[in-house]
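This report concerns only the one structure given below.
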Amino acid sequence: MLSFFVLNLFLYFPEDKSEYIPAGITMFIFMIAAVLTFRLIIRISKREELKTKKMEEEARASRHQQD
């Protein structure tokens, strides 16, 4: 019985459904920000991968010239 009461403290379903609009807008903004951040991380990761491959090729070429 006590746990049911405690759980009901965190649940709130408003009678006026227009109260959901600010929450929906905020969620939409954060979802867009999350997608953009994810895309940025992917782009930076690909750039770093290309740099690493270039450095590996240079290291192989210099090692091959030394032999």
Side-chain angles (χ1 to χ4, degrees):
M1 180 71 178
L2 181 62
S3 64
F4 179 72
F5 176 73
V6 171
L7 288 176
N8 280 337
L9 290 175
F10 299 107
L11 294 175
Y12 172 66
F13 299 105
E15 293 292 327
D16 182 17
K17 301 302 181 191
S18 67
E19 291 184 30
Y20 287 125
I21 293 172
I25 293 171
T26 304
M27 187 177 97
F28 180 73
I29 291 170
F30 276 94
M31 288 297 292
I32 295 296
V35 168
L36 292 175
T37 303
F38 188 69
R39 299 290 297 168
L40 178 66
I41 290 170
I42 289 173
R43 182 178 293 157
I44 291 171
S45 176
K46 286 183 180 179
R47 205 176 295 155
E48 291 294 319
E49 181 183 4
L50 291 174
K51 284 182 187 178
T52 303
K53 285 183 180 181
K54 184 178 178 183
M55 287 174 50
E56 287 176 355
E57 289 173 4
E58 290 174 359
R60 283 188 196 133
S62 67
R63 189 180 314 152
H64 184 62
Q65 288 176 355
Q66 289 177 355
D67 290 338

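If you're wondering where the values come from, they're calculated on a predicted model, not measured in any experiment. Counting from 1, the numbers follow the sequence of the chain as shown.
Taken from CD1 in Ile32 to CE in Met27, the straight-line distance is 10.5 Å, to the nearest 0.5 Å. Summarising the geometry, atom CD belonging to Glu58 is positioned 11.0 Å from atom CD belonging to Glu56; distances are rounded to the nearest 0.5 Å. In this structure, the separation between CG on Leu36 and CZ on Arg43 is 9.5 Å, given to the nearest 0.5 Å.
Both Ile29 and Ile21 are part of a single hydrophobic cluster, where members link through side-chain heavy atoms under 4.5 Å apart.
A salt bridge does not link Lys54 with Glu57: every distance from a Lys NZ or Arg NE/NH1/NH2 to an Asp or Glu carboxylate oxygen is 4.0 Å or more.
Closest heavy-atom contact between Ala33 and Thr37: O-OG1, 2.7 Å.
Not a single donor-acceptor pair under 3.5 Å links the side chain of Ser45 to the backbone N or O of Ile41.
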